[in-house]
Structure formats: structure tokens, C-alpha cells
Amino acid sequence: MPYNHQEIEKKWQEKWVESGIFKTKESPDKKKFYALDMFPYPSGAGLHVGHPKGYIATDVVSRMKMMQGFNVLHPMGWDAFGLPAENYAIKNKVHPSVATEENIAVFKKQLSLLGFTYDWEREVNTTEPKYYKWTQWAFLQMFKSGLAFESFEPINWCPGCQTGLANEDLDGDKCERCGSLVEQKPMRQWVLKITDYAERLLNDLDKLPDWPDSIKQMQREWIGKSEGAEVNFRIFEFPNFQVTVFTTRPDTLFGATYLVLSPEHSLVSEITAPEQQSAVEAYVSAAKNKTVIERGDDTREKTGVFTGAYAINPVNNEQIPIWVADYVLAGYGTGAIMAVPAHDDRDFAFAQKFNLPIKQVVAPVRIDSKNPPVADKPTVTRKTIHGLVIDPKTGKILCLKWKQQPWTGFVVGGVDEGEDIVAAARREIKEETGYVNLKFIRVLGGVVRGEYFAAHKDENRIAYSNAILFELENDEREIVGDEEFSKHEPIWLEPKTLNQDNFTCAELDLWFKRLNNGEAADCEYGVAINSEFFNDLPTWKAKDDMTSWLEEKGFGHKKIQYKLRDWVFSRQRYWGEPMPLVHCEKCGVVPMKEEDLPLELPQVEHYEPSGTGESPLATITDWVNTTCPVCDGSAKRETNTMPQWAGSCWYYLRYIDSKNETALVDLAKEKYWSPVDLYVGGAEHATRHLIYARFWHKFLFDIGVVNYEEPFTRLQNVGLIMAEDGRKMSKRWGNVINPDDVVKEYGADALRVYEMFMAPFNQPCAWSTNGLVGTRRFLEKVNGLVQLVSEKENENVTRALHQTIKKVGDDINDFRFNTAVSQMMTFVNTVSEVKGITRDSFLKFLRVLCPFAPHITNEIANELGEVEILETGAWPTYDPEMLKSDEVTLAIQVNGKLRGTITVPNEAVEDEVKTTAMAEENVKKNLEGKEIIKVVFVKGKLMNFVVR
RNA sequence: GGGCGAGUGGCGGAACUGGUAUACGCGCAGGACUCAAAAUCCUGUGUUCGCAAGAGCAUGAGAGUUCGAUUCUCUCCUCGCCCACCA
């Protein structure tokens with residue numbers, strides 16, 4: 001039955017406000033629930049229909065939790081500092097504070113149309129001095145703890161936005177905001193030492209079972225922990241210098257055949273030989289002009305230049321050349337590497353291009369799973385070859401089929417003392433198969449260690465093998481000796497058909513990989529070879545032992561390295577929190593007194609970027625000039641501002657105690673409300689806001705401002721709503737759907753239900769106006785049920801109601817809103833069919849629907865004579881007994897195929913079911929003339945006759 | 001290149017722990033109501049064969065485990081997201 005949504009929505013939204021039921025209650029005797037949305041950035045464009053999806057979800061959960069007796073905190077606020085507002089303001093010639101205020105008003109108006117339960121008394125706005133006073137306060141504490149420091153290192157500079165940026169603000173080599181190519185520019189900046197928290201940020205992810213694994217994985221990768229060693233290399237004829245490299249593979253130190261410095265490395269100019277100087281200088285300056293992307297492209301051919309200097313490998317005193325190449329990054333590790341081309345892809349490519357030696361020091365290990373080494377048998381170590389002969393005419397490969405053993409394998413044989421491996425392979429192939437005319441192609445990579453039990457010799461063997469690849473030139477064969485002939489015969493097999501099950505060769509996967517991929521580095525762990533005193537050691541062990549050896553000898557030490565960089569925290573822009581620091585000639589950088597906070601952003605006429613790399617604040621002399629809080633002498637204020645992310649690092653704490661003037665948050669209140677029970681927002685914040693906020697939170701925990709180590713217990717990602725044409729909603733495509741229009745035409749309830757119903761919550765999904773119409777129809781059907789209210793109802797309705805109460809509650813908790821809605825639709829269909837529902841049942845149904853469609857459900861309840869607002873009432877409970885039915889429909893299968901269904905009493909036992917089932921016509925037909933071998937009976941589900 | 005995730009009707013999607021595949025919604029077709037249309041209601045709707053009863057085939061492709069697989073295992077293909085010369 002149609003209803004006037006505009007009238008109803010206005011009425012109930014007013015009622016909610018008047019009654020004040022959504023004001024947060026804090027009675028300590030009650031359980032709390034803190035539902036949080038990632039607060040929006042109030043842009044000039046307003047909301048489109050995709051934005052509220054997450055807000056609707058937290059609102060549904062909040063309403064249910066209220067009805068379930070929780071004290072619920074469900075706030076909203078504005079993340080309003082930052083570049084877009086400032087750029088928008090410049091473009092439209094309005095002050096950012098004015099523009100921000102206007103945008104917030106629009107956003108708030110739009111949100112209010114949807115009937116959310118927000119407690120607006122707790123609204124926060126990151127640009128208000130009362131709020132950013134505490135952002136500045138937190139920063140001051142970091143400064144005092146040595147966590148905020150001044151740095152002059154080159155940073156990402158966006159020429160478009162005229163400001164420095166953090167790594168997290170980049171989209172490849174471009175500014176994430178304006179798309180300009182980012183330059184590396186050395187400049188003074190403030191940096192937060194987030195790397196001090198890297199280990200905790202990483203480890204504590206394990207304490208967050210209710211975060212999506214994908215987000216945790218992204219954070220792990222972003223933090224990028226590597227364990228290894230720093231190794232010091234002395235430089236030949238430069239006693240005053242040494243090169244320190246970081247490596248995760250100290251076990252391969254014997255295989256280091258050259259060193260590489262990044263072009264920016266400070267030693268480049270010091271050690272370059274005169275005859276190489278011009279080449280090196282040219283290379284270094286060319287590298288400087290490359291973009292980050294150009295340098296980061298790992299498919300690009302390697303480039304580099306020899307410095308003319310040599311380093312001394314501490315482990316064997318070999319002299320190895322030092323090169324400069326841009327595949328080594330200045331910003332990671334020490335900006336220098338030891339190159340082990342045999343066991344690193346990049347070093348391998350470089351060594352091949354510049355003809356540098358490649359030395360294998362790790363042998364991968366393959367243990368023959370079909371003939372594994374046997375305990376207590378003698379072990380013999382041998383050097384062997386595998387002769388791989390391919391017939392180019394057929395593509396088949398030469399194998400041996402053993403006569404006495406169930407084996408088929410390649411031609412394998414020992415290498416005699418002093419014998420060349422290729423010669424050994426030719427010899428073995430001739431002896432065992434008779435083929436003599438073979439064209440040598442190549443050795444398939446390095447040595448592999450195979451371990452197996454040689455049954456015919458009753459001994460364990462360790463074979464260090466090479467595979468030698470030949471092409472068959474012609475079929476000419478010599479006579480094979482009797483002994484060999486009695487053992488096996490040659491056969492030609494299709495290489496593709498060979499696998500670990502039908503072929504006797506533990507090394508098979510490696511040979512084929514090398515055959516197909518050509519020459520490459522081998523990065524597997526294995527057993528050390530060519531490594532003197534580390535030989536035969538598994539390399540995971542050699543890694544530790546080598547590190548200890550280096551420490552002992554003073555050549556290096558264990559090192560843990562992170563990809564996470566310290567956070568560049570200053571921006572040379574106007575619209576951000578001023579940093580509460582003062583530069584005094586006498587006292588240096590001095591923090592402002594806490595009682596003088598907030599340091600307000602001065603109101604100015606011009607806030608365009610200065611273009612000099614300095615913040616626009618630097619031009620406001622009145623503001624810049626101040627006195628030193630320590631010596632009272634003249635001093636200048638810090639003119640950099642904080643980045644957009646600053647305010648969002650802790651806003652969720654402020655909601656708990658938004659008006660507190662003496663503390664960031666009251667510790668007792670924080671203890672009650674924290675941590676956030678449910679946090680909903682886009683996955684795009686995985687490596688920025690969500691890492692930054694965790695970092696700040698841990699710091700605040702360390703200084704005793706908060707009670708818990710992690711801020712957000714449960715995280716749910718919201719899937720994007722695409723436009724009906726499948727593209728992202730954007731002004732550019734003209735495909736934006738405005739929630740105001742939808743609400744006006746179809747009502748807030750229809751929009752809310754539709755967004756919850758359209759797809760699984762975290763999955764992207766295209767908007768469909770038809771789909772929306774469908775949910776509106778559903779609500780009208782619900783409204784029509786009023787006509788069907790009666791004294792009695794069919795038992796099916798009662799059962800369906802209890803099922804619905806259970807499923808909707810469970811699904812809301814699990815964020816499976818789409819199936820919750822479909823369950824409610826099914827319920828309404830059931831009631832419509834049997835035409836009757838009691839007032840009591842109907843009210844219960846309205847209560848579970850209320851979180852999704854709060855206006856219409858309250859209206860109907862009111863019509864039914866209910867006086868209380870649904871949200872203040874109790875969430876209905878279900879009777880588990882009512883979920884069971886007396887009768888159950890069983891599937892009857894014959895050989896797994898459905899041949900009929902029967903309805904039997906719930907508790908029916910196998911024999912009864914069998915009799916009934918076999919009497920079923922179609923089942924009978926399918927069983928006719930067949931022998932029943934087995935009957936599978938699953939109570940309440942099915943019976944399956946297995947017949948022959 | 002690496003990591004994560006996903007492939008089910010015409011479309012969005014459902015299927016709990018291996019147990020009747022396609023719930024719910026959209027769309028479409030037919031019917032009722034109407035002078036007519038919209039709205040609403042009813043019926044049908046994976047595909048092939050069949051008048052029907054029913055049967056065969058269907059969850060990206062191919063294999064495997066099982067009485068039984070959308071679900072578990074392996075191989076491959078396609079798409080999406082994230083990271084990407086991080087030593």
C-alpha cells in the first residue's frame with residue numbers, strides 16, 4: 001500500500017530529535033557499543049548515493065544494539081583540513097574556512113534526510129581551534145618524546161600543490177591529489193618517527209581477528225619487514241672508507257661478485273677512479289633526471305657504470321668491483337648492495353648484461369619422495385649429471401625405462417674425477433642408450449642436491465647434479481653393452497606427460513623450470529656450496545651462522561629493515577593545523593607552552609602557496625614574529641602546517657568526550673567507550689589513515705592518554721557503488737545519483753533498504769534504479785500488511801517470524817545485510833499468501849525491520865497503537881523450538897541424483913524413511929531391477945540409494 | 001613479477017559445517033482489473049528433448065577425492081583490487 005514518505009519521514013525525524021532518544025547514554029551498568037564511520041571530507045560536490053552506504057550499515061547496527069540494550073555511541077564529524085578544500089577555495093575565491101563551513105552544512109543536510117541516529121552534540125570538526133588544540137597537543141607530546149624531528153632529506157615534492165608529500169600520498173610517481181609528477185627535493189621538514197613503532201604495528205595486527213585479512217596483509221606489506229644483516233666491505237686502497245650493505249641473504253656472501261651503490265650514495269664521488277669519473281658523473285646526473293616510475297620499472301634493461309674501485313669481500317678477501325646502478329634505491333637499506341647474481345634475479349640480469357661473474361653458492365635441495373633416504377644406511381655423496389636429450393623432430397625427450405625396478409628416469413651418471421660434465425653426459429648417454437650424435441645446447445643452471453635411497457646398492461645417496469641439455473642430431477646408435485642392456489631400455493617420452501608420480505627424478509620440477517624459462521637466478525633456500533667453512537649447511541642456518549661470524553669479526557651485524565618510511569608530517573600550505581613550535585636563535589626549536597594552545601591559524605587575505613617552498617604563513621610577519629617561550633627573546637613561529645591525515649589520527653577519541661577543555665579525552669570515559677567496536681569505511685585507507693591512527697593511538701597509549709593499545713576492534717570495508725553504466729560515479733561522466741533526489745522520490749527507507757540489499761556489503765556493485773523501485777515495493781507491501789492484521793495467524797507465519805528474527809539478527813552482526821533483507825521479503829510474502837498476522841507478530845517484525853527502514857516501521861507501529869518509539873523498545877527474541885518444524889521434506893536420491901522428495905515426521909528414523917521413499921513412484925521406477933548396495937541417510941536432509 | 005579475492009540464469013545475487021543449485025530482488029512473457037494506460041494482483045521464467053510424466057545437461061575449463069562437490073584438492077583460463085628493482 002503506497003505511503004507518503006515525505007510526510008512520514010519529516011514526522012519521525014522530528015520526533016527522534018524532540019524525544020532525544022539518540023543522545024548518547026553512559027550509564028556504567030550497561031554494556032556499550034561504539035559504532036564508527038570514517039568521517040567524510042566535506043567536499044564542494046556534496047554526497048552521492050555511494051557515500052551513505054557505510055553510514056547506513058553502522059546505523060542499522062546501532063539501532064539494533066540500542067534495542068538490544070546497549071549504550072550506543074554513534075557519532076559523526078568532519079575531516080575538513082587539507083588540500084582539496086584549499087584548492088577549491090583558491091579556485092573559487094572563497095576563504096577555505098568559509099567554503100568548509102558551507103560544505104559541511106550541505107553534507108549535514110544531506111545526511112539528515114536519511115534518518116540516522118547520530119548524536120550531533122558530539123560532532124567534531126578538525127578545523128575548529130577547540131578540536132585542533134588537541135591535535136597540536138598530541139604533536140607536542142611527540143616532539144617532547146623525540147618522535148617528531150626536523151629533517152633535511154630529499155622528500156617528495158609536488159610542483160602542482162606546491163608542497164612536500166609523504167610516501168603514502170603518492171600514486172606511483174604522481175601526486176595522488178593533482179596528478180603532477182612528483183620530484184625529489186631536499187628541504188626542511190618535520191618528520192614523525194613512525195618506524196619506531198613498525199614492529200608493534202606489525203605484531204599487533206595479530207591481535208585484530210575481526211579485521212579483514214586483506215587489510216592486515218596490505219599493512220604487513222606496507223611495513224615490509226626484512227630480516228638480514230648489514231655487512232661492511234673495506235675498499236681496496238681506500239683505508240678510510242667502507243661500504244655498508246644491507247642483505248637478507250648473508251648466507252650467500254661467498255657468492256657476492258660485485259657491489260652496487262645507488263647513484264645518490266655519498267661514496268660514489270669519493271671512490272670513483274679518475275679514468276671512470278666522467279662516465280660515473282654522467283650516469284649519476286642522468287639518474288637524477290629519471291622519474292620514480294622510470295627507475296622503478298623492473299622490466300627495463302639494467303643500466304650501470306663501473307667506478308673503477310674494488311671492495312674486499314670480508315669472507316674470502318676477494319676483490320670485487322664496485323658499480324653504480326639505479327636499480328639500487330638510495331632510500332632503502334644503506335643505499336648499497338652486495339650483488340649475488342647466482343641467487344638474485346636483479347643481480348643476475350645486471351651481471352649478464354655487464355658480463356660479471358656469476359658464482360653459485362646455494363644448491364637447491366630435492367628429496368626423492370618415492371625413494372627417500374632410509375635411516376641407518378650408509379650415505380654416499382656423488383657428483384652426477386642428468387643427460388637431457390630432446391629430439392627436435394618430435395619434441396620428445398630421451399628417458400630410460402628400468403627393467404628390474406619400477407622406474408622411468410633420465411640418463412643419470414657419475415662424473416669421474418677431473419672429467420668435464422658435458423663430456424660425462426655424452427659418455428653416459430652413449431653407454432646407456434647408444435646415441436652418439438648429440439648437439440650440446442647448454443647446462444641447465446646450477447647444481448642441485450638430490451637425496452634418495454639407491455635400492456640396488458642399499459645405500460643413501462646425496463647427488464650434486466647438473467642437467468645437461470642436448471639435441472639429437474640423428475638416430476645413429478652404437479651397441480649398448482650387455483650389462484646396461486639388461487638394466488634398462490631407452491624410450492622417448494612427451495615432456496609434458498612427465499610428472500612427479502610417473503617419473504623417477506626428484507629434480508624434475510627444477511629441470512623443467514629451467515628448460516622452459518631459460519637462464520635465471522635461483523633464489524631458493526637450500527644447502528651451501530662453494531662456501532668454504534659453510535659448505536653443506538642448510539642456508540637458513542648459514543644465514544644465522546654467517547651473521548654471527550660477521551659480528552664476531554667486526555664485519556657486520558644482524559639488521560631488521562622496514563619498507564615503512566618515517567612520516568613526512570609537514571606541508572607548505574595554509575589550510576592545516578599550525579605546528580606549535582617556535583624557532584629561537586638562542587634556544588633552537590622550542591615547543592609552545594601547552595596552556596597557550598591552540599595556536600590558531602591566522603585569518604588572512606591570501607593563502608595561495610608562496611611558490612618558494614615555504615608555507616603561505618611565512619609571509620604573515622605579525623603572526624610569524626613572536627617571543628621564545630623559554631628565554632623570552634625574539635623568535636619566529638614554525639610556518640609549516642600538518643598534513644590532512646593529522647586530524648583523523650585521533651578523532652574517534654574526541655567523540656567520546658568532545659567538549660573536554662582540559663584533556664584530549666577523559667581517561668575514565670575512554671576506558672568505558674574504547675575501543676571502537678565497529679569501524680566502517682573504504683579499503684583505500686588501508687595503508688594510510690589506518691596505519692597513522694594505529695601509530696598515534698599506540699603513542700597515546702604509551703604516554704597514558706588512552707587505556708587500550710589498539711583503537712579499532714572490528715573493521716568492515718564498504719564496497720563501492722558504481723553508476724548504472726558500470727563506471728565510477730563522477731561529474732565527468734554525468735552519471736552521479738544524488739541521494740536527495742532518491743529520498744525525495746522514493747524515500748529514505750527505500751534508499752536504506754536498497755543499499756543494504758543490492759549486494760554483499762563489502763562488494764562493489766552498480767546502482768540500479770529498478771532495484772530501488774523493488775525495495776520501495778517491498779516497503780509498500782509491508783505497509784499493506786496492516787490490512788491483514790487479525791486475531792489469529794497461521795502457524796507457518798509464526799514459524800517464519802521466529803526464523804526471521806533469528807536470521808536478521810545474525811545477519812546484521814555478520815554484515816550480511818542483503819540476506820537479512822531477503823529473509824524479511826520472504827516473510828512478507830508468506831504473510832501475504834496466508835493473509836493473516838497477529839498484531840503482536842507484526843510489531844515484532846516491524847522491530848527487526850526498523851533498523852533498515854526506521855520511518856515507515858515507526859509509522860506503522862504507531863498506526864497499530866504502539867505508543868513507544870521502536871528504537872526504545874526491546875529487540876524481539878525468538879524461540880528456538882519454533883525454528884524446528886514437525887515435518888521435514890527429504891530429498892530422495894538414486895546414485896546421487898534427485899528422484900523425488902518425501903515429507904516425513906521430523907524425527908523419522910531410517911527404516912521408516914526408507915519404506916516411504918521406496919514407495920515414491922519415481923524412486924520406485926529408478927530402483928526397478930537394480931541392486932541396492934548402500935543407503936545413505938542424513939537425518940532431516942536426504943536419503944541416497946546407491947544401486948548397481 | 002608478487003600477494004589477496006572473485007567467476008553461479010537475461011541482470012544483482014542466494015545456498016549454513018560436503019547433502020533438493022538458482023532463495024530474494026530486477027527484467028521478461030502471459031493473464032486479471034481498465035475505454036485505455038500506469039499502478040497493482042495472479043501465473044510462468046537455467047538450458048535441451050518431450051503433449052505430458054519425466055529425462056539429459058548446467059555453478060569459468062579440465063582432472064581428482066566422495067554415495068553425493070558451487071563448497072574440499074590439483075592444473076589451467078579470465079576478471080578485480082593491492083604492492084611492485086625494497087636487495
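Hydrogens, waters and symmetry mates are skipped; everything else that's a heavy atom, side chains included, is used. First the proteins, then the strands, lettered A, B, ... as listed; each starts at 1.
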Out of rU20(B), rG12(B), rG54(B), minimum distance to the side chain of Lys925(A) belongs to rG54(B)
Say we look at rA23(B) and rU47(B): how far apart would their P atoms be, to the nearest angstrom?
13 Å
Distance, rounded to the nearest Å, where Asn762(A) contributes CG and rC81(B) contributes C1':
12 Å
Counting neighbours of NZ on Lys216(A) that are heavy atoms of other residues, nucleotides or ligands and sit closer than 6.0 Å, is the number greater than 12?
yes
Among rC83(B), rA87(B), rG19(B), find the nucleotide with the atom closest to the side chain of Glu221(A).
rC83(B)
Ion pair check, Asp811(A) and Arg816(A), cut-off under 4.0 Å:
yes
Is it true that the NZ or CZ of Arg776(A) lies under 6.0 Å from the centre of Tyr3(A)'s six-membered ring and within 45 degrees of the ring axis?
yes
Check this one for me: any side-chain N or O of Arg220(A) less than 4.0 Å away from OP1 or OP2 of rC83(B)?
no
Using a 4.0 Å heavy-atom cut-off across all strands, classify Gln893(A) as base, sugar-phosphate, or nothing.
base
Expressed in whole Å, how much space separates the C1' atoms belonging to rG27(B) and rU22(B)?
16 Å
Check every strand shown and say whether Asp213(A) touches a base, only sugar-phosphate, or nothing at a heavy-atom separation below 4.0 Å.
nothing
Identify, with sequence neighbours excluded, every residue that meets ring-ring contact (aromatic ring centres under 6.0 Å, His included) alongside Phe827(A).
Phe845(A)
How is Arg816(A) classified with respect to the nucleic acid when contacts are heavy atoms under 4.0 Å: base, sugar-phosphate, or nothing?
sugar-phosphate
Specify the glycosidic conformation (syn or anti) of rG13(B), with syn defined as within 90° of 0.
anti
Just checking Asp345(A): base, sugar-phosphate only, or nothing, at a heavy-atom cut-off of under 4.0 Å?
nothing
Would a line drawn from the ring center of Tyr258(A) to the ring center of Phe350(A) be shorter than 6.0 Å?
yes
Testing the 3.5 Å rule here: is there a donor-acceptor pair between the side chains of Tyr562(A) and Glu199(A)?
yes
Run the ring-centre check on Phe815(A) versus Phe817(A) and record whether the distance is less than 6.0 Å.
yes
Has Lys513(A) got more than 12 heavy atoms of other residues, nucleotides or ligands less than 6.0 Å from its NZ?
no
Run through RNA chain B and report every stem of 3 or more consecutive Watson-Crick or G-U pairs, distances under 3.5 Å, ordered by first number.
B:1-7 with B:77-83, B:10-12 with B:24-26, B:27-32 with B:40-45, B:46-49 with B:54-57, B:60-64 with B:72-76
Considering only heavy side-chain atoms of Val936(A), the closest of rU20(B), rA15(B), rG19(B) is rG19(B)
For Thr804(A) and Gln823(A), does a side-chain donor sit closer than 3.5 Å to a side-chain acceptor?
yes
Taking the P atom in each of rC41(B) and rG50(B), what is the distance between them to the nearest angstrom?
36 Å
Atom-to-atom span, NZ of Lys939(A) to P of rC16(B) - whole angstrom
21 Å
His685(A) NE2 - rC81(B) P separation (whole Å)
17 Å
Aromatic rings Phe246(A) and Tyr332(A): how do their planes relate, parallel, tilted or perpendicular, breaks at 30° and 60°?
perpendicular
Separation between the P atoms of rU48(B) and rC11(B), rounded to whole Å:
15 Å
Please report the distance separating the C1' of rU17(B) from the corresponding atom of rG30(B), rounded so that it comes out in whole Å.
43 Å
So Arg565(A), base contact, sugar-phosphate only, or nothing? Heavy-atom distance under 4.0 Å.
nothing
Quick one: what's the B/S/- string for nucleotides 24-32 of chain B, heavy-atom cutoff under 4.0 Å, read 5' to 3'?
BSSS-----
Looking at rU20(B), rC85(B), rA55(B), which one has an atom nearest to any side-chain atom of Asn922(A)?
rA55(B)
Phosphate OP1/OP2 of rA87(B): any Tyr327(A) side-chain N/O under 4.0 Å:
no
Side-chain N or O of Lys728(A) versus OP1/OP2 of rG80(B): is the shortest distance under 4.0 Å?
no
Is Pro2(A) touching bases, backbone alone, or none of the nucleic acid, heavy atoms closer than 4.0 Å?
nothing
rU45(B) and rG9(B): how far apart are their C1' atoms, nearest whole angstrom?
10 Å
Using a cut-off of less than 4.0 Å, is there contact between a side-chain N or O of Asn926(A) and OP1 or OP2 of rA55(B)?
yes
Does Lys53(A) qualify as a cation-pi partner of Phe761(A), given the criterion of NZ or CZ under 6.0 Å from the six-membered ring centre and within 45 degrees of its axis?
yes
Work out how far the P atom of rA69(B) is from that of rG2(B), and round it to whole angstrom.
33 Å
Nearest-Å distance once atom C1' is located in both rA21(B) and rC57(B):
14 Å
